[in-house]
Every structure is written in structure tokens, then in C-alpha cells.
Amino acid sequence: MSLGRGPRTVVMASGSGTNLQAIMDETAAGRLAIELVGVVSEQPAAHALQRARAADVAAIDVDIGNFPDRAEFDIELDNAVSSLAPDLVILAGYMRILADELVLRYAGKMLNIHPSLLPKYPGLDTYAKALSAGDTWHGSTVHFVTPDLDAGPQIIQYRVKVKPGETEESLARRVQRGEYIIYPRAIGWLASGRLTVEDDRVRLDGETLKEPIQVEEQEC
Ligand code: GRF
């Protein structure tokens, strides 16, 4: 009921779970040293849960529809995550704001991937926002999670140059291909102890990052 070897890792996901799949594929191939002990979702129908089951990984849903009271939902969600005793918590398309208590408990051990070049465009609809602003570059950012939405210390960014005639769909496809590269990479650094954060300063191999590591589309 778990996959791989390494620090106990829980992935939280609400949707299709393509990032989860990339994480599982890298783990199964022995390129990512984590033990994926469970996938938690607030959406029972999330395809991410099916992906977990197909890989024989524990799939736990805490159906948000069953909790008219947000505080009760937060307690159940916290219980679901904590019952798996994770060392690391990875948000992979998890679409709800987490309670501060949960976030603070996993400070320095919880990552998120957000489809923009943060600090640009926290929140939703990032592709539409980048296109309507006429941005030359768009991309995705892996960052440590803090109670402020999409605002935690940044680790690595994947950058793509916006092409003429680009649509939200084409841009999303290109950016997501990069997510499958940078997210397992960052998780691997965290899992092996190479990546740390202290007082908002991110260190990789002992060096403080002045800015997130940049990966451009053509480099991969
Ligand atoms: C990803 O593109 C990620 O940037 C964002 O949500 C999306 C999740 O997609 N946080 P998937 O569920 O991994 O396919």
C-alpha cells in the first residue's frame, strides 16, 4: 500500500493528478527516493485517487461535500494526513486553502507547485491572466508552503516563452510538461536533505538561493 523507499510522503490532490503520476513514475523507476504512503483528496471522484489505487497506494478521500462546517472538515483532513505519519507533504493540484495549523505543523516539509512565475499571479486562472497581460514568459513555480496563499519561499521555476497565437490550453500543456520535471526534482532534493528553508531563506546543498533555480523549456 505504499510506493518506493525514503521519507514517508503524502500527496494531496484535487484533480486529474498528472503531477502525482509523474511523482509515482519517478519513484517507481528508482529516480525519486521517497516512500509514497498515501494520496489524500477532498474530492472523492478525483482522478488522482484512481491513479493512487492503480499503483497500490493508499487513497483517502475526505469528502468536502459532507462537511457543511469548514472547521470540522479541517479537523478530518488533518486526521487523514496525520494518520499517515508523513515526513513530507506534497500539494499537487490541491485546490483548497489549508488550515494554518496543518501548514505550520509541516513547515519546511510541505511543497506546492503553482502554474505561474510567482510572485506573479497567485490564485486561479493564471494562464488567462498571463495571456491577457501579454506576458512574454509564463511558467510554474515550486515553493515551500506557508499560511499565505502561493507566497512561500520559492525553490525552482520552469519558464516557457509565450508563442504567437498561444491559447490557454497550449500554454498549459507546455508548462505542465515542465512541472513533471521540476516537481520530482525539488521533492528529491527535499527528501534527501539537500533542500532546506530557515527564516524564509532557501538553501540547496548549503548555498542560499538568491532567486529560484530557473529551468527554461529548451534546456530539458
Ligand atoms: C498543476 O498544473 C499545478 O500547477 C496546479 O494544479 C495543476 C494540477 O494538475 N497546482 P494535475 O492534477 O497534477 O494534473
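In what follows, every heavy atom counts, from backbone to side chain, and hydrogens, waters and symmetry copies are set aside. For ligands, and for the atoms within them, numbers begin at 1 and follow the listed sequence.
Of the listed options Val175, Asn112, Ile113, Thr18, Thr18 places a heavy atom closest to atom 14 (O) of ligand 1.
Given atom 4 (O) of ligand 1, the protein heavy atom at minimum distance is Glu179 OE2, 2.4 Å. What sits closest to atom 12 (O) of ligand 1 on the protein, heavy atoms only, is Gly17 N, 2.7 Å. If you check which protein heavy atom lies closest to atom 7 (C) of ligand 1, you get Gly93 CA, 4.2 Å. Among all protein heavy atoms, the one lying closest to atom 13 (O) of ligand 1 is Asn19 N, 2.8 Å.
Applying the salt bridge (charged side-chain N to carboxylate O under 4.0 Å, His left out) definition to pairs two or more places apart or across chains, those involving residues 168-177 are Glu166-Arg174, Arg174-Glu217.
At a 3.5 angstrom cut-off on N or O pairs, Ser16 counts as close to ligand 1. Note: no N/O pair closer than 3.5 Å links Tyr127 and ligand 1 by distance alone.
Salt-bridge check for Arg31 with Asp25: failed, with every basic side-chain N at 4.0 Å or more from each acidic carboxylate O. Using a cutoff of 4.0 Å between basic side-chain nitrogens and carboxylate oxygens, Glu35 and Arg5 are not scored as salt-bridged.
In the hydrophobic cluster analysis, where Ile, Leu, Val, Met, Phe, Trp and Tyr join through side-chain heavy atoms closer than 4.5 angstrom, Met110 is grouped together with Val40.
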Inset, instruction - Start with the C-alpha distance between Ile23 and Tyr180, add both sets of side-chain angles, then the distance that settles side-chain contact (heavy atoms from CB on, under 4.5 Å), and finish with yes or no. - result: CA-CA 8 Å; Ile23 293 164; Tyr180 311 146; over 6 Å; no
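For Ala99, the side-chain contact (heavy atoms from CB on, under 4.5 Å) criterion is met by Asp74, not counting sequence neighbours.
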